[in-house]
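Structure first, commentary second.
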Amino acid sequence: QVQLVESGGGLVQAGGSLGLTCAASGRTFSNYAMGWFRRAPGKEREFVVALSRSGDNTYYSDSAKGRFTISRDNAKNTVSLQMNSLKPEDTAVYYCAARSTGYSGRYYWTDEQYDYWGQGTQVTVSS
């Protein structure tokens, strides 16, 4: 199995930027499609963005499109989420997720499709 640890959360003002990193250990990182999800206070966990094993294919939620960028470094076993133009409604605990897959170009956008999860990192955007 793979272990995931998120970092980089914090407090930022609206309009600011924040970068999250998810470090993976355990199995071969390049065998995993990755995703970021978030859970805001009082709400269900929601999909943010997904990335294929190869890193070539991405899929963004409407809320993330144009503001967030996901990337991965298979040599360092990390996936990053750069968040720009942050809004108070982006306040949430952000989770990194991984799914083993044989398809290098495929991504996944529901939490049921993922096998492994990090513990989450808090992002708070003040108005």
Side-chain angles (χ1 to χ4, degrees):
Q1 62 181 26
V2 63
Q3 292 79 42
L4 304 172
V5 179
E6 303 95 335
S7 61
L11 174 64
V12 63
Q13 288 189 329
S17 298
L18 207 58
L20 306 182
T21 299
C22 174
S25 61
R27 295 297 182 93
T28 305
F29 180 65
S30 59
N31 289 341
Y32 291 83
M34 303 298 296
W36 285 94
F37 290 74
R38 68 186 183 187
R39 187 194 302 271
K43 293 187 177 182
E44 298 288 319
R45 184 167 59 191
E46 66 172 1
F47 167 75
V48 178
V49 59
L51 181 65
S52 63
R53 270 180 51 188
S54 64
D56 293 336
N57 297 326
T58 57
Y59 181 57
Y60 290 87
S61 65
D62 288 342
S63 61
K65 205 172 299 181
R67 301 187 300 126
F68 294 4
T69 302
I70 189 172
S71 61
R72 69 188 296 160
D73 186 335
N74 285 342
K76 295 182 178 180
N77 290 359
T78 59
V79 61
S80 299
L81 180 65
Q82 179 63 38
M83 304 184 293
N84 299 326
S85 303
L86 283 162
K87 306 173 183 179
E89 51 264 43
D90 293 318
T91 295
V93 177
Y94 283 71
Y95 299 90
C96 172
R99 176 198 165 112
S100 178
T101 177
Y103 300 97
S104 63
R106 190 165 177 179
Y107 48 75
Y108 304 87
W109 59 91
T110 68
D111 50 7
E112 294 87 359
Q113 294 174 305
Y114 285 88
D115 304 310
Y116 303 103
W117 294 84
Q119 83 289 348
T121 185
Q122 176 71 48
V123 171
T124 303
V125 184
S126 63
S127 56

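What's counted below: heavy atoms across the whole structure, side chains too, no hydrogens, waters or symmetry copies. We're numbering straight along the sequence, starting at 1.
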Would you say the side-chain atoms of Tyr107 pair up with the backbone N or O of Gly55, donor to acceptor, closer than 3.5 Å? no
Could you measure the distance from the OG atom of Ser25 to the CG atom of Asn77? Nearest 0.5 Å is fine. 8.0 Å
Whether Ser61 side chain and Val48 backbone form a donor-acceptor pair below 3.5 Å: yes
Contact summary for Leu20 and Gly9, nearest pair of heavy atoms: CD2-N, 3.6 Å
Do Trp36 and Cys96 pass the side chain to side chain contact (heavy atoms under 4.5 Å, CB included) test, and can you show the C-alpha distance, the side-chain angles, and the key distance before you say yes or no? CA-CA 5 Å; Trp36 285 94; Cys96 172; 4.0 Å; yes
Between the CG atom in Asp111 and the CZ atom in Arg39, the distance rounded to the nearest 0.5 Å is 8.5 Å
What closest approach, in Å, do Val2 and Tyr32 show between heavy atoms, and which atom pair accounts for it? CG1-CE2, 3.8 Å
Yes or no on side chain to side chain contact (heavy atoms under 4.5 Å, CB included) for Glu6 and Thr21, after CA distance, side-chain angles and deciding distance? CA-CA 6 Å; Glu6 303 95 335; Thr21 299; over 6 Å; no
Quick one: CG on Asn31 to OG on Ser100, what's the gap to the nearest 0.5 Å? 5.5 Å
When you measure from the side chain of Ser54 to the backbone N and O of Ser104, does any donor-acceptor pair fall under 3.5 Å? yes
Write down the atom of Ser85, the atom of Ser17, and the distance for their closest heavy-atom approach. N-OG, 4.4 Å
Let me check something: do Tyr60 and Leu18 share a hydrophobic cluster, defined by ILVMFWY side-chain heavy atoms less than 4.5 Å apart, either directly or through other members? yes
Cation-pi check, Arg99 onto Tyr114 ring (under 6.0 Å, within 45° of axis): no
Would you tell me whether Ser52 and Tyr103 have side-chain atoms, one donor and one acceptor, within less than 3.5 Å of each other? no
Hey, is Lys65 close enough to Asp62 for a salt bridge, meaning N to O under 4.0 Å? yes
Tell me whether the centres of the aromatic rings in Phe37 and Phe47 are closer together than 6.0 Å. yes
Is there side-chain contact between Asn57 and Arg106, with at least one heavy-atom pair below 4.5 Å? no
So, taking the atom named CG in Asp90 and the one named OG in Ser63, what distance separates them when rounded to the nearest 0.5 Å? 7.0 Å
Centre of Phe29's six-membered ring, under 6.0 Å away, within 45 degrees of the axis: is that where NZ or CZ of Arg72 sits? yes
Looking only at heavy atoms, which two atoms of Leu11 and Ser126 are closest? And how far apart? CD1-CB, 4.3 Å
Would you confirm whether the ring centroid of Trp109 sits within less than 6.0 angstrom of the ring centroid of Tyr59? yes
Test item: Thr78 side-chain N/O and Cys22 main-chain N/O as donor-acceptor pair under 3.5 Å: no
Report the distance from atom OG of Ser80 to atom CD1 of Ile70, rounding to the nearest 0.5 Å. 8.5 Å
ILVMFWY cluster, Tyr116 and Val49 together (side-chain gap under 4.5 Å): yes
Without hydrogens or angle criteria, can the side chains of Gln82 and Asn84 be said to hold a donor-acceptor pair below 3.5 Å? yes
Evaluate side chain to side chain contact (heavy atoms under 4.5 Å, CB included) for Met34 paired with Leu4, printing each intermediate quantity in order. CA-CA 11 Å; Met34 303 298 296; Leu4 304 172; 4.1 Å; yes
Just how far is it from atom CG of Leu51 to atom OG1 of Thr69, taken to the nearest 0.5 Å? 11.5 Å
Any side-chain heavy-atom pair from Met83 and Val123 closer than 4.5 angstrom? yes
Between Val79 and Tyr108, is there a shared hydrophobic cluster once you connect ILVMFWY residues whose side-chain heavy atoms come closer than 4.5 Å? no
For Thr101, is there any backbone N or O sitting under 3.5 Å from a side-chain donor or acceptor partner on Arg53? yes
Closest approach of Ser30 and Asn74, non-hydrogen atoms and distance? CB-ND2, 3.7 Å
Looking only at the side chains, is there a donor atom on one of Tyr94 and Arg38 sitting less than 3.5 Å from an acceptor on the other? yes
